[in-house]
Amino acid sequence: MGSQQAFRVKLLVQLVLGSLLSIGAEAALAQDPVDLGTVQSSASGASTSDAEAAKQASAPYQAPTQGSLVASQPQSIIGEQYIRENAAASANYSDIASIAPSVSDIEPNGPGLMESQGLSMRGFQNGQYNVTFDGIPWGDSNDFTQHSTSYFMSQDVGSVVVDRGPGSASTIGDATFGGTIATTSKAPLAESAITPYATLGSFNTHLEGLQVDTGILQNYGDASLFVDYRQLDSDGYLDYSAQKRQNFFAKLVRPVGDNTLLTLVAMYNKLHQNVSLGSTQAQIQQYGPTHALNADPTSQAYYGYNYDDIASDFEYIGLNSQQGVWRIDNKLYTYAYDHHGFNGMDPNGETPNGTSYGANNVPGQKMTMVYRSIGDVLRLTRPTGPGDLKFGMWYDHQSNTRSEWTVDYTLGGAIDYGAGGYDRLMDDSLETFQPYVEYDWKATDALTVTPGVKYVSFRRSLDATVNQKTGTPLSYSKTWTKALPSLGLHYAFQPNWTGYLQWAKGFLAPNLNTFYTVDPSASSVEPETTTNTQLGTTWKSERLTLSGDVYYIDFDNLVQKRTVAGNTVFFNEGGVVYKGVEGEGTYYVGGGFSLYGNLSFNSAKEKGSDQWVPNAPDRTAAAGVIYNQGPYYASLIAKNVGSRYGDTGETYHLSSYTVANLAASYTIRHGTGWYKNAKFGFQVNNLFDKTDIYALAGYTGGANTPLYWTIPGRSYMFTASVSM
């Protein structure tokens, strides 16, 4: 990174963090509801009112997922009620989102105890869709993927919305064409409270945490704050695959005058996790489904050689204001990821020991990946004619330093220069700029038409002393731009029944790996694009929530590669057609009982060959029964994922599987004496102990033998919390 660029990044970081500190000193710390007129009432109360108790007897309250009456594309809303009662204490957003139709997730070490190994939505994989936090897109700039164990935890999540489509022009992010998993933070409590909580579970899992809520501070401008800290320790389901995680989260909300709301959020996460690369079928048959790492220091699979140390943070300042006819929503943010990774050269045993220092010495690798993003999201809205004019922009700059080198673990991790030393040593950056404009034209009282256009600009730069794959120096940059139109129609048949039709263009810039060649300019690669068409409807009443949709996605410019005269050349060839039907619903039977189900039939096939793309299930389904009355909650929900293929060419067929989870809790509200509320919960994940192979993990470094993941076996978790 050049000195001028380093100074610019440092200055922006100081601006964000300095603003956080200066405002935090004035009060205590806060949140960001959308409705400025309900700042206090939108905060979660510490006790349940009569009205809230009555809500239990309704389908919208009990629904694990439900459609939206206002959205113009397929959307599954997963609310705080489901998250608090059903998500494991160790869960991440990926575990939560997996209940939605057309979504599947791979968590081989138990819920949240390993980075997600494959979160698929309609067949799109991680890196092909957005993940946002409070409306801010985040992820690795090199391939647009996210690290599920490195940021927020379920205790601080208020909702997860699975948006299956590119959205309108105002939908921002690096990977808009695959959809968006939108995670929002929960609100501070309206009343002051100190809430310690704890979890004990299988695999020697234990979590201890403490949340402190100030309530509404009338002497500090009606600010409200919560601070939450927790520590998670687990041995994990897989052998010698432990995880230690510490997470801090703070949120401050403060009204400024009558028309402005200020929000401050800060998060820090520290993680140590032992990492398996999967197991061969022979190893699973010989050692069982938990086979992973071992305790032998002479083995490349020794747990002491295979681990990650990761520190990450995420901060933003949000300003939501009504100034005359203008509605202003702005978030200035920064987030960072500091990853130091260690692994044996071939933990699955097909590459024999031996380094340039000794024939029996243990070879391995060390790597670093350190980046920081600085950005801003600005949204402006004003009434114009028979509708609302919306425009804004998203800007993000991420600087990334990456390195990897071969080492000798027998000699304490000494660099093995005889084996080549550094495998990569590189600085790269991605600068993204996305301005947009759209208009919500209220053609009638029932019909809203929303045309819009977004301009996207991606500029990649790479300055490598040792470029990945080639091992040679490279300094190169390239910019891709495109205008993306969209059109949405939303019709309200009745106040509780709406329908929509959407057409939109999607766009995905080439990954950094297209620069891993001797001469990237020789590649004629263009961004991947989609044309999405979707039609759907949503119905809601006290007894029934029901939504369904059909979709057709034409995906072009699929990026491929070939090697010519020793130089890898990337190019566009063909594409994929994604199409399907999706539905979800909850019916309140009565007496506290609800029935829930969702179902999708999905197709994701390459043009020309008509072969399935990897890791794209042909269907998903969920079914369950929920009981929630008074202080009692219980649910039994099963998720089915259909058949799919692990790799291209329809190789490594993977059979359909079903996992059932049980959850139950009892809440003591309006306690007397020293406590206000208390809650005790019990969960069983994978109730019927299915441990089949359910994903291809990759291949060995020796003979390219397939590696697999198995479903983590049955596990138990007991939770307790007390609010004082």
Side-chain angles (χ1 to χ4, degrees), residues 83-84 86-96 105-117 147-157 195-212 227-250 267-277 289-295 301-314 337-343 661 663 679-686 709 712-722:
I83 295 170
R84 295 291 163 263
N86 293 273
S90 54
N92 299 304
Y93 72 89
S94 52
D95 305 84
I96 298 168
D105 186 31
I106 300 168
E107 303 277 348
N109 204 31
L113 300 178
M114 183 180 190
E115 196 168 290
S116 171
Q117 298 300 302
H147 302 279
S148 60
T149 57
S150 292
Y151 288 90
F152 39 87
M153 296 184 70
S154 64
Q155 289 79 7
D156 302 316
V157 172
T195 308
Y197 53 91
T199 297
L200 292 175
S202 301
F203 324 137
N204 194 28
T205 300
H206 56 97
L207 179 147
E208 301 82 32
L210 178 68
Q211 178 172 322
V212 178
V227 177
D228 198 3
Y229 173 81
R230 69 203 61 82
Q231 179 167 313
L232 170 66
D233 292 272
S234 178
D235 291 342
Y237 170 71
L238 298 173
D239 296 337
Y240 297 97
S241 297
Q243 183 188 97
K244 295 182 182 295
R245 185 175 182 184
Q246 296 169 291
N247 187 276
F248 167 85
F249 190 93
M267 185 230 70
Y268 177 77
N269 191 86
K270 185 178 180 181
L271 177 71
H272 176 92
Q273 57 187 6
N274 293 104
V275 179
S276 168
L277 301 180
T290 65
H291 176 268
L293 304 175
N294 63 42
Y302 175 51
Y303 72 91
Y305 305 148
N306 294 271
Y307 64 93
D308 291 327
D309 282 327
I310 302 172
S312 52
D313 65 81
F314 194 112
Y337 179 78
D338 189 338
H339 179 190
H340 297 262
F342 307 81
N343 62 272
N661 296 330
K679 182 176 180 179
F680 304 92
F682 173 65
Q683 292 176 326
V684 184
N685 291 290
N686 192 359
W709 297 119
R714 180 168 49 229
S715 62
Y716 306 88
M717 281 193 176
F718 301 85
T719 62
S721 64
V722 178

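Both backbone and side-chain heavy atoms feed into the values below; hydrogens, waters and symmetry mates do not.
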**Request:** Could you please spell out the steps behind the side chain to side chain contact (heavy atoms under 4.5 Å, CB included) verdict for Asn247 and Met267?
**Result:** CA-CA 7 Å; Asn247 187 276; Met267 185 230 70; 4.1 Å; yes

**Message:** For Phe682 and Tyr716: C-alpha separation, side-chain torsions, deciding distance, then whether side chain to side chain contact (heavy atoms under 4.5 Å, CB included) applies.
**Reply:** CA-CA 7 Å; Phe682 173 65; Tyr716 306 88; 3.9 Å; yes

**Request:** Evaluate the criterion side chain to side chain contact (heavy atoms under 4.5 Å, CB included) for residue pair Lys679 and Thr195; output intermediate values, then yes/no.
**Result:** CA-CA 11 Å; Lys679 182 176 180 179; Thr195 308; over 6 Å; no

**Message:** Set out, in order, the CA-CA distance, both residues' side-chain angles and the distance that settles side chain to side chain contact (heavy atoms under 4.5 Å, CB included) for Phe342 and Tyr305, then state yes or no.
**Reply:** CA-CA 6 Å; Phe342 307 81; Tyr305 305 148; 6.0 Å; no

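Judged purely by distance below 3.5 Å, without hydrogens or angles, the side chains of Ser150 and Asn269 never pair a donor atom with an acceptor atom.
No option in Pro712, Ser715, Ser202 other than Ser715 meets the side-chain contact (heavy atoms from CB on, under 4.5 Å) test with Asn685. Checked against Gln231 for a side-chain contact (heavy atoms from CB on, under 4.5 Å), the options Lys244, His206, Gln246, Arg245 give a single hit: Gln246. A side-chain contact (heavy atoms from CB on, under 4.5 Å) with Glu115 is found for one member of Asn109, Val275, Thr149 and no other, namely Thr149. Of the candidates Asn92, Asp105, Asp95, Asp105 is the only one forming a side-chain hydrogen bond (donor to acceptor under 3.5 Å, both in side chains) with Ser116.
At least one side-chain heavy atom of Trp709 sits under 4.5 Å from a side-chain heavy atom of Ser276. Side chains of Gln117 and Pro108 form a contact here, defined as non-hydrogen atoms less than 4.5 Å apart. By the 4.5 Å heavy-atom criterion applied to side chains, Tyr303 and Asn294 are not counted as neighbours. Inter-residue side-chain proximity for Asn343 and Asn306 is flagged as met; some heavy-atom pair is nearer than 4.5 Å.
For Tyr197, the ring pair (Phe, Tyr, Trp, His ring centres under 6.0 Å) criterion is met by no residue, not counting sequence neighbours. Scanning for ring pair (Phe, Tyr, Trp, His ring centres under 6.0 Å) contacts around Phe680 gives an empty result, with sequence neighbours left out.
From Tyr151, atom OH reaches atom CG of Leu271 across 11.5 Å, with rounding to the nearest 0.5 Å. Separation of atoms CG (Leu238) and NE2 (His291) is listed at 10.0 Å; rounding is to 0.5 Å. Atom CG of residue Leu232 and atom OG of residue Ser90 lie 6.0 Å apart, to the nearest 0.5 angstrom. Note: Asn204 CG to Asp235 CG = 4.5 Å, rounded to the nearest 0.5 Å. Distance check: Gln243 CD to His272 NE2 gives 10.0 Å after rounding to the nearest 0.5 Å. Taken to the nearest 0.5 Å, the CD atom of Gln683 stands 10.5 Å off from the CZ atom of Phe718.
In this pair, Phe152 and Tyr93 present their aromatic rings tilted. The plane angle is within the 30 to 60° band. Between His147 and His339, the ring-plane angle classifies as perpendicular under the 30° and 60° cut-offs.
The shortest non-hydrogen separation linking Gly341 to Asp308 is CA-OD1, 3.5 Å. The two residues Ser154 and Ile96 come nearest to each other via the heavy atoms CB-CD1, 4.1 Å. Residues Ala250 and Val227 come closest through the heavy atom pair CB-CG2, 4.1 Å. Of all the heavy atoms in Thr199 and Ala89, the pair that sits closest is OG1-CB, 3.3 Å. Closest non-hydrogen pair, Gln155 versus Arg84, comes out as O-NH2, 3.5 Å.
No close placement of the Phe248 and Tyr268 rings is indicated, their centers lying 6.0 Å or farther apart.
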